[in-house]
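Below you'll find the structure, written out as structure tokens, and then a few comments.
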2 protein chains.
Amino acid sequence: MSTLSEVAAHAGVTSATVSNVLRNRGRVGEQTRQRVLEAVAALGYRPHLAARALAEGRAPTIALMVSSIANPFYPEFVLAVERAARTNGHFVIVCNTNQDPLAGRAYLEQIAGTLSEGVLVMNANLDFADLHQTQARGTPVVLCMWERPNDPPGLPCVAVDFRRAGELAAQHLLELGHRHIVAIVGSKRGGIHAARYEGFVDTLRHAGVKLPRTCVRYAPDTIEGGYAAARELLELHPLTTAIFATNDLPALGSIHAAFDLGRNVPQDLSVLGITDIQLARQSRPPLTTVAVPTVEAAEMAVSLLRELIERPPAAHHAVHQTARHAAHTARNSDSAREQPRICVASEPRLIVRGSTGAPRRKRG
Amino acid sequence: MSTLSEVAAHAGVTSATVSNVLRNRGRVGEQTRQRVLEAVAALGYRPHLAARALAEGRAPTIALMVSSIANPFYPEFVLAVERAARTNGHFVIVCNTNQDPLAGRAYLEQIAGTLSEGVLVMNANLDFADLHQTQARGTPVVLCMWERPNDPPGLPCVAVDFRRAGELAAQHLLELGHRHIVAIVGSKRGGIHAARYEGFVDTLRHAGVKLPRTCVRYAPDTIEGGYAAARELLELHPLTTAIFATNDLPALGSIHAAFDLGRNVPQDLSVLGITDIQLARQSRPPLTTVAVPTVEAAEMAVSLLRELIERPPAAHHAVHQTARHAAHTARNSDSAREQPRICVASEPRLIVRGSTGAPRRKRG
DNA sequence: TTGAAAGCGCTAACAC
DNA sequence: GTGTTAGCGCTTTCAA
């Protein structure tokens, strides 16, 4: 691993010059530039990113917090984030909080501002206070998929209208003629899926279709969770013709439950979810779902983060600032907080596949 | 973001002392230690990881190269890697090579040795020459799942006996009484899945069961790939009673194909794969498969990497070395190369679930 | 037990 | 155009 000054020596110039040609800064004579380039090639020089980070006062990485990358939704998202980040010259560090706010805090404390110049948060079950703190310390934070555009979280975020997703789902079921519907909510009551559920229920209600409490289950956001919930629901309400799940995983589990109960999907039972993860396409029958703009959201999140990194929102009281690097500006916080940026991603849209259909006229 | 010397000033000591108390190095008086700790708390000091990396000559991260994290197998692996890495004090940077060796090289060139002190390679379709080069430059590299323990790759690796996995699969089918078998290989002919396939074929042959060329398909290692291959195979060989796929994803696709062809699994057709990804448990019917020790391999890989980082294998010719940091040792390469370490993970084992059974006596 | 000082590899003023 | 110089925040000899 050769260093800048080794290259400089080899080219008979000074390291500043090498630095300049490498970053196309400052005017450099054509011949020196050539000599430098040769030296770089000859020595196989590669810049030391940690050193550069230190000197520049900024890191080449961003941290992506997820609760557990094993959730089949995340990898798709991580992929998109990584792609977008790369084109901005950032590497991404995956931080599995494992649903534990303490683990999340530990990550934030170590990484934010020292190894990563920004933090992306994807439903990682983090303490908002921690997030605000890292922000106050000067490291931009953005929430990747805020579920309620009309109810801003007080942090920069990209919002996706999940309420609308719920509405779309209900509408589809209604149009098909379903009236005996049950719902599986993939989070705690009032939890993260609340907006999806409300959109669904409200739409049903407007159409005069009730969804009594016994027709909804709060379950883990997994295939197994959906499976168990669907079985219970189906056994309790044998006349059910459609199951709505607030996420694809439980919807997939519901299809399995139907299968095990000897019910054919979609002939005997319609099932639909929200998100459109890859698996949705790959189930038998393929899952009807309300697609959410995952990749778009990832890209927006990355670009919002980049923006925040480049031009940190001015703090209201101009803070005493001796620091050489502007990135450390937004230091103060509570007294005068400006509205955090919020980007709204495009609307969810219904994707009709094989798991929904009209209910049978009569059921046995 | 306060710095060491700010803390030092606040505590009335010098930054060296603060550094010492923070890392429990050097003897420090109990009272100064207390004052320092208070100052740290008061200022909310957190060490700057990039600065530390530069000073120590080592980075707190490792790079994990994968071809595309969207493959459902990887996240499970990434999760395990991340956990293991964290307990070693390393963050992990995910590098999607996207099947492109050039992308892989770009990653290696930028990251290795400058931002990451080690690289883990998980089937990332990389150029071995690049890998050797980064190793020669002093950054340890380990291959995460080498498929042929008896045929070392010339790089440190953790090996899993995938040939054995193929044997186990064949044995299971044989014991159930299957004789009309087809196979789907999830890689190019002679590609990464070759060992699995050979183990399978050889075991069949020893039992006197032939697997003619028309009974095997090389297909993409995906659900869709398996689906298409299975359909072809099944249409070509209607008497088939069992499908073996070298990976779970194509096996899952095969189940779908059977479904669409009106064949019941396992009554009309048995299907099995290799790996035991989470999805295998969650299909209908659940997939019989040969489980491979994913988590164990991840942990072994991380710990092998750590070992290599801590005690880099001595180069044979003691290389001229002025560098202050020992990590830059193993610089030379080809003429006198010592045997790279290879760790063998525990054996694959058969997991019988619902997708395999005895063949029907007679078929219509 | 503590401090002074050098240096990790790089960038960025500023001077020449 | 190119070199000089002073750091970035930390660790680590070596002295005191």
Side-chain angles (χ1 to χ4, degrees), chain A residues 1-36 39-40 43-60 110 113-115 117 137-138 322-328, chain B residues 1-36 39-40 43-60 110 113-115 117 137-138 322-328:
Chain A
M1 293 279 313
S2 38
T3 73
L4 247 205
S5 51
E6 287 173 25
V7 174
H10 194 275
V13 295
T14 191
S15 57
T17 303
V18 179
S19 177
N20 279 335
V21 351
L22 255 27
R23 358 191 52 234
N24 292 315
R25 290 292 188 74
R27 284 137 295 280
V28 184
E30 188 47 32
Q31 16 215 7
T32 22
R33 133 176 257 88
Q34 285 310 329
R35 279 214 316 286
V36 167
V40 165
L43 297 179
Y45 169 79
R46 300 167 311 141
H48 191 297
L49 265 27
R52 178 176 282 179
L54 184 56
E56 286 185 327
R58 51 179 304 189
Q110 290 190 73
T114 75
L115 198 58
E117 57 172 350
R137 278 178 149 141
T322 54
R324 183 173 155 202
H325 307 294
H328 299 279
Chain B
M1 294 281 312
S2 38
T3 72
L4 247 206
S5 51
E6 286 173 25
V7 174
H10 193 274
V13 295
T14 190
S15 57
T17 304
V18 179
S19 178
N20 280 334
V21 350
L22 256 25
R23 355 193 54 234
N24 292 314
R25 292 292 187 74
R27 285 138 294 281
V28 185
E30 188 47 32
Q31 15 215 6
T32 21
R33 135 178 254 85
Q34 285 309 328
R35 279 213 318 285
V36 166
V40 164
L43 297 178
Y45 169 80
R46 299 167 310 142
H48 192 296
L49 266 27
R52 178 176 283 179
L54 183 57
E56 286 185 325
R58 52 180 303 191
Q110 290 190 74
T114 75
L115 198 59
E117 58 173 350
R137 278 177 150 141
T322 54
R324 183 172 155 202
H325 306 295
H328 299 280

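Letters A, B, ... mirror the listed sequences (proteins, then strands); counts begin at 1. Computed from a prediction, not measured in an experiment: that's the story for all the values here.
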Under 4.0 angstrom between [X] side-chain N/O and [N] OP1 or OP2:
X	N	result
A/Ser19	C/dT11	yes
A/Arg25	C/dA12	yes
B/Arg23	D/dT11	yes

**OP:** Take the C1' atoms of the five end pairs on each side of the helix from C/dT1-D/dA16 to C/dC16-D/dG1, derive the two axes, and give their angle rounded to 10 degrees.
**Re:** 40°

Subject >> Close side-chain approach of B/Thr17 to B/Val28, heavy-atom, < 4.5 Å >> reply: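 SC-SC contact between B/Thr17 and B/Val28 confirmed.
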
Original post:
Does the side chain of A/Arg52 reach to within under 4.5 Å of the side chain of A/Arg23, using non-hydrogen atoms?
Top reply: yes

**OP:** Give every residue pair that meets the salt bridge (Lys or Arg N to Asp or Glu O under 4.0 Å) criterion with at least one member in residues 25-36 of chain A, sequence neighbours excluded.
**Re:** none

Minimum heavy-atom distance between [X] and [Y], given as atom pair plus value:
X	Y	value
B/Ala8	B/Ser15	CB-N, 3.5 Å
B/Leu115	A/Pro60	CD2-CG, 4.0 Å
B/Ser19	B/Leu4	CB-CD1, 4.0 Å
A/Leu22	A/Tyr45	CD2-CE2, 3.5 Å
A/Ala51	B/Leu54	CB-CD1, 3.7 Å

Whole Å only: how far is the [atom1] atom of [X] from the [atom2] atom of [N]?
X	N	atom1	atom2	answer
A/Leu115	D/dC10	CG	C1'	14 Å
B/His48	D/dT11	NE2	P	12 Å
B/Glu117	C/dC8	CD	P	19 Å
A/Tyr45	C/dG9	OH	C1'	7 Å
B/Leu43	D/dG9	CG	P	14 Å
B/Asn24	D/dT12	CG	P	13 Å
B/Glu56	C/dG7	CD	P	18 Å
B/Met1	D/dG9	CE	P	9 Å

Original post:
Of the candidate nucleotides D/dC10, C/dC10, D/dC8, which contains the atom at the shortest distance from the side chain of A/Pro47?
Top reply: C/dC10

Original post:
Of all the choices, C/dG9, D/dT11, C/dT11, which nucleotide is nearest to the side chain of B/Arg52 once you look at every atom?
Top reply: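 Nucleotide nearest to B/Arg52's side chain: D/dT11.
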
Subject >> Any donor-acceptor N/O pair, B/Arg46 side chain to A/Gly113 backbone, under 3.5 Å >> reply: no

Between protein and nucleotides 1-3 of chain C, what N or O pairs are separated by less than 3.5 Å?
from  : atom 1 : to      : atom 2 : distance (Å)
C/dT1 : O3'    : B/Gly29 : N      : 3.4
C/dT2 : OP1    : B/Thr32 : OG1    : 2.6
C/dT2 : OP2    : B/Gly29 : N      : 2.4
C/dT2 : OP2    : B/Thr32 : OG1    : 2.7
C/dG3 : OP2    : B/Thr14 : N      : 3.0
C/dG3 : OP2    : B/Thr17 : OG1    : 2.9

